[in-house]
Number of protein chains: 2
Amino acid sequence: MVEYKSDENLSRLLKAVSDTTRRSLLTQLSQQGVSRVTDLAGYYDMSLNAISKHIKVLEKAELVTRKTIGRTHWIEANLEQIKLAENWFMELKSIWELRLNKLDELMKNGDASDD
Amino acid sequence: MVEYKSDENLSRLLKAVSDTTRRSLLTQLSQQGVSRVTDLAGYYDMSLNAISKHIKVLEKAELVTRKTIGRTHWIEANLEQIKLAENWFMELKSIWELRLNKLDELMKNGDASDD
DNA sequence: GTAATTGTCAACCTAAAGGTTGAATATTAT
DNA sequence: ATAATATTCAACCTTTAGGTTGACAATTAC
């Protein structure tokens, strides 16, 4: 059996950004900076509750943080977390390169059967 | 209303890689190169059919390509497509940077109230 | 030609995702 | 005190996701 990296976090993160509305929210937050839930909801043709839920998903993926002051919740993007995804993509590419390099070597000295 | 970039493709791609098994399949394919469906399925504690489905999802996201020769289907990773995701992350970060720079400027010459 | 192999397709099941609406909870304004 | 505002919670609905099993179709091996 293949070893599953314990990557629930990565799954959560990628699932979070795989939704158009949530990606849009992150863009919005990156442009506008810290925002209230109601403000964010204003941009979308969707109930406040739906947006509230989306924000919670982003929060669990640690893509945003929340600071509650009185009755208003201030939401802020946390782009740090995105590195997790980027790292995975980079790793995958390097695995790919590795194989190609090995192949290349094998082609060059087709006689020497090592490994 | 916020403008949704027509990014169904990106959503499909991110959704595809948000699943652990499918990420693992991509890793496998990057390491082993072109593989048959049955070979891939061998690594997982899951029915062949399930893996077949996963591969179809990857295929629709254009993360893998398929070449059918006789009864066997040869699957190959297509890392090109991953750039789509990477671009989105980069864009997001630059949007973020942009705002921070503006803020910075505003702080420096707090008098000049333009924009 | 009969049997085995490689895959998909279709039907089904269960759980999760994305929305809705209607309270409920806290906080602030009048 | 009462009303308005900001948000979440809970219950519900519908669609999608991920898995299973059982046929089926095509190709290859004996």
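Here is the naming used below: chain letters follow the sequence lines, and residue numbers restart at 1 for every chain.
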Distance-only donor-acceptor hits, side chain of residues 49-56 of chain B, under 3.5 Å, sequence neighbours excluded:
from  : atom 1 : to    : atom 2 : distance (Å)
B:H54 : ND1    : B:R22 : NH1    : 3.1

What donor-acceptor contacts under 3.5 angstrom involve side-chain atoms of residues 69-82 of chain A, with partners at least two apart or in another chain?
from  : atom 1 : to    : atom 2 : distance (Å)
A:T72 : OG1    : A:W74 : NE1    : 3.1
A:H73 : ND1    : A:R66 : NH1    : 3.0
A:N78 : OD1    : A:E80 : N      : 3.4
A:N78 : ND2    : A:E62 : O      : 2.9
A:E80 : OE1    : A:K83 : NZ     : 3.4
A:E80 : OE2    : A:K83 : NZ     : 3.1

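The nearest pair of heavy atoms linking A:S35 to A:G33 is OG-O, 2.7 Å. When every heavy atom of B:L14 is checked against every heavy atom of A:V17, the shortest pair comes out as CD1-O, 3.3 Å.
Grouping Ile, Leu, Val, Met, Phe, Trp and Tyr residues whose side-chain heavy atoms lie under 4.5 Å apart, directly or via other members, leaves A:M90 alone, with no other cluster members.
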Protein N or O to nucleotides 11-17 of chain D N or O, pairs below 3.5 Å:
none

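Hydrophobic cluster membership differs between B:L10 and A:V57, with clusters built from Ile, Leu, Val, Met, Phe, Trp and Tyr side chains linked at under 4.5 angstrom. Taking hydrophobic clusters as Ile, Leu, Val, Met, Phe, Trp and Tyr residues chained together by side-chain heavy-atom distances below 4.5 Å, B:L98 does not share a cluster with A:L25.
Residue A:R12 contributes atom CZ, which lies 14 Å from atom C1' of C:dA16 at whole-angstrom precision. Distance CH2 (B:W74) to P (C:dG7): 8 Å, rounded to an integer number of Å. A straight line from CD1 of A:I51 to C1' of C:dT20 spans 13 Å, rounded to a whole angstrom. Here the P atom of nucleotide D:dT21 and the CE atom of B:M46 are 12 Å apart, to the nearest Å. If you measure from atom OH of A:Y44 to atom P of C:dG19, you get 11 Å, rounded to the nearest angstrom. B:I55 has its CD1 atom 7 Å from the P atom of C:dT8, to the nearest Å. C:dT27 atom P lies 18 Å from atom NZ of A:K67, rounded to whole Å. Rounded to an integer number of Å, the gap from A:L48 CG to C:dG22 P is 15 Å.
Here B:S47 lies in heavy-atom contact (under 4.0 Å) with a base.
Remark: B:K93 pairs with A:E86 by the side chain to side chain donor-acceptor pair (under 3.5 Å) rule, at least two apart or across chains. The salt bridge (Lys or Arg N to Asp or Glu O under 4.0 Å) test applied to A:R23 returns B:D7, not counting sequence neighbours. With sequence neighbours excluded, the residues that form a side chain to side chain contact (heavy atoms under 4.5 Å, CB included) with A:Q31 are A:T27, A:Q28, B:I95.
In this structure, the helix from C:dG1-D:dC30 to C:dT30-D:dA1 shows an angle of 10° between the axis at its start and the axis at its end, each fitted on 5 base pairs and rounded to 10°.
Under 3.5 Å, the side chains of A:S24 and A:Y44 contain a donor-acceptor pair of N or O atoms.
Without hydrogens or angle criteria, B:R12 side chain to B:A61 main chain gives no donor-acceptor distance under 3.5 Å.
Listed in residue order, the members of residues 57-66 of chain B having a heavy atom less than 4.0 Å from DNA chain C are B:R66.
Among C:dC9, C:dG19, C:dT6, the nucleotide with an atom closest to any side-chain atom of B:K56 is C:dC9.
Annotation: salt bridge (charged side-chain N to carboxylate O under 4.0 Å, His left out) contacts involving residues 25-42 of chain A, sequence neighbours excluded, comprise A:R36-A:D39.
In this structure, B:L92 and B:W96 have side chains that are not in contact, with every pair of non-hydrogen atoms separated by 4.5 Å or more.
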Footprint string (nucleotides 22-30 of chain D, 5' to 3'): B base within contact, S backbone only, - free, heavy atoms under 4.0 Å: B----BS--

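Between A:H54 and C:dA17, a side-chain N or O to OP1/OP2 separation shorter than 4.0 Å is absent.
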